[in-house]
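Inspection log for the structure reproduced underneath, given as structure tokens.
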Amino acid sequence: MNEVLLIAKKEIQIALRKKLIVALAVVIVGLIGVALYTGYVAYKQQKNIIEHAQKENRTKWLEQGDKHPHIAAHYGTFVFKPKTILSLFDFGLDTYTGTSIYLEAHYQHEFMFRPAQSHSSVIRFGELSVAMVFQILIPLLIIFLAFTAFTEERENETLRLLLSQGVLYGTIVKGKLVAYSIILFVIVAPFFVIYFMLSMVITNSGSITDIGLRIGFLIVMYMLYLLIFMTFSVWVSMRSSSSKNALLTLLTCWILFTIIIPKTTANLGESLYPLPSMKMYKEAIQKDVRLGVDGKTTKKDRQEQLKNEYLKRYQVDSLHKLPLNFEGIRMQSGEEYGDRIYDIHWQRLIRIFDNQNRVSSLSSIVNPYLAIRNISMGLAATDLNTSIHFQKITENYRRALIRKMNLDMAKNSKYGEFYEYKADKNLWKTVEGFQYKTVSVFETLQLYLIELLSLCCWGLVIAILIAYSSHKKRPVL
């Protein structure tokens, strides 16, 4: 053990003498600080804006005055996707999925106010976030830190000297890995401490569950990811004939992992499973609403069937004799049929997204960067699955709101009157304010089993490779 620590101490001293390593470390620490600060500022601003807008819209809904329930259904309201503390670590897709949606009768609107819309084309290269620094830049630091781990020892013939003095090859490997681990720990530990303190101090309106567990899993996953890069870099140095070859190999792998494979995977997913245009998507929904799912039962036919059903049920010969307002029943029936049509088309769309994401998930088997990127977004609740879950909750909320308006109209007004009947604040209060909670951390991780398996397999394979190489009877000198 003393030999391992001595080798680690020597390796740290050598690293500190290298100006390039020190400069890279300083730059990365600075970028982490800047990313954390800007992320926190953006989080606070967006959180305050969303909370203020949410209260304002709730007040508008309650104070909209006396009016017909169906007019209130069209008056509608806005709901807002809450900003969570974990989003300041990994922005994920929040920049692209929008922050608010308008809810009203008959229509499922798109999400509005996507932050990416106000950015220039530079946004395509990604935003500076702490997650990006950990996923892309720290592995680059590891490469420059470890590519000379064994090649420099061989070039200076110090490796032969160590082995001749009875130091085991495996001991040298352990010493170098310990040294690089200590350097990385010094760089990243302060960030995780600050981040954990922020997450415990700042309230999140209860929108995200299991914050402590999510942060714990994030730390474990990122440590595994960085250890994979570190061990892989040391192994490449062990097997390379020169420092130049080691650096070239590692940089090629870094470019493949972080740039080429992710872009190729995204393009492949879009090519294999193309999304319909928004215009085609909406036109298909409207066509099915107009002509029916079977293409034969028109809207007029459905309304006539509904009318006959209610006349027969209450054994009357006129809509005026029904004990409720048929217009409210008709509107609610139309809403439910439209919801059914929407669900059919929405599920088709979700299947396309799932297929596209599956390409990325399967690609993570050969690329640990894709694995950690997907897991990180999932744990930070900024991934596509969270966005889809939020849209489902908002749609359910919209349907409950419209149903209350239509049923109040059916129960409390007469057939043929519209503007004559007006509901008041007592009805508006029955619609509770919108609340959203993410799924639990364990439900989230179940969606990323392939990525979790990928990281574990990468860690195991690299550990086996370096253990095998370090225990060879005749190591390459």
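Just so you know, these numbers come straight off a predicted model, no measurement behind them.
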In Å, rounded to the nearest 0.5 Å, how long is the span from OG of S243 to CD of E155? 3.5 Å
Hey, is E395 close enough to R399 for a salt bridge, meaning N to O under 4.0 Å? yes
Q356 side chain vs Y273 backbone, donor-acceptor pair below 3.5 Å: yes
Do V34 and T38 come close enough that some side-chain heavy atom pair is under 4.5 Å? yes
The single option from N357, L455, L379, N385 passing side-chain contact (heavy atoms from CB on, under 4.5 Å) against Y448: N385
Ring-plane angle category for Y436 and F390, please: parallel below 30°, perpendicular beyond 60°, tilted otherwise. perpendicular
Testing I142, I136, T249 for side-chain contact (heavy atoms from CB on, under 4.5 Å) with W254, which one passes? I136
Euclidean distance, Y180 OH relative to T231 OG1, rounded to 0.5 Å: 11.5 Å
Indicate yes or no for a side-chain donor-acceptor contact from T394 to the backbone of Q391 under 3.5 Å, with no hydrogens or angles considered. yes
Please confirm whether the backbone N or O of H106 pairs with a side-chain atom of E335, one donor and one acceptor, at under 3.5 Å? yes
The single option from Y225, F257, Y369 passing ring pair (Phe, Tyr, Trp, His ring centres under 6.0 Å) against W458: F257
To the nearest 0.5 Å, tell me how far S376 OG sits from F134 CZ. 10.0 Å
For S237 and T151, indicate whether the former's side chain and the latter's backbone hold a donor-acceptor pair under 3.5 Å. yes
What heavy-atom pair brings S181 and L227 nearest, and what distance separates the two atoms? OG-CD2, 4.1 Å
Taking R398 for its side chain and E104 for its backbone only, find out whether a donor-acceptor pair lies under 3.5 Å. yes
Using modelled atom types and a 3.5 Å cut-off, is there a donor and acceptor pairing between side-chain atoms of T382 and backbone atoms of D90? yes
When you check the gap from the basic side-chain N to the acidic O, do K10 and E153 get nearer than 4.0 Å? yes
Give me the atom names and distance for the closest heavy-atom approach of I7 to T171. CD1-O, 3.9 Å
Within the side chain of R373, is there an N or O that forms a donor-acceptor pair under 3.5 Å with the backbone of M132? no
Check this for me: does any side-chain nitrogen of one of K47 and E51 sit under 4.0 Å from a carboxylate oxygen of the other? yes
Using modelled atom types and a 3.5 Å cut-off, is there a donor and acceptor pairing between side-chain atoms of Y397 and backbone atoms of E432? yes
Give the minimum heavy-atom separation between K176 and E11, together with the two atoms involved. NZ-OE1, 2.7 Å
Would K81 and S387 count as having a side-chain donor-acceptor pair, cut-off 3.5 Å? no
Once you measure the plane-to-plane angle for F192 and F89, does it fall in the parallel (<30°), tilted (30-60°) or perpendicular (>60°) bin? tilted
Donor-acceptor pair, distance only, cut-off 3.5 Å: does the side chain of S454 make one with the backbone of S364? yes
Taking N245 for its side chain and S241 for its backbone only, find out whether a donor-acceptor pair lies under 3.5 Å. no
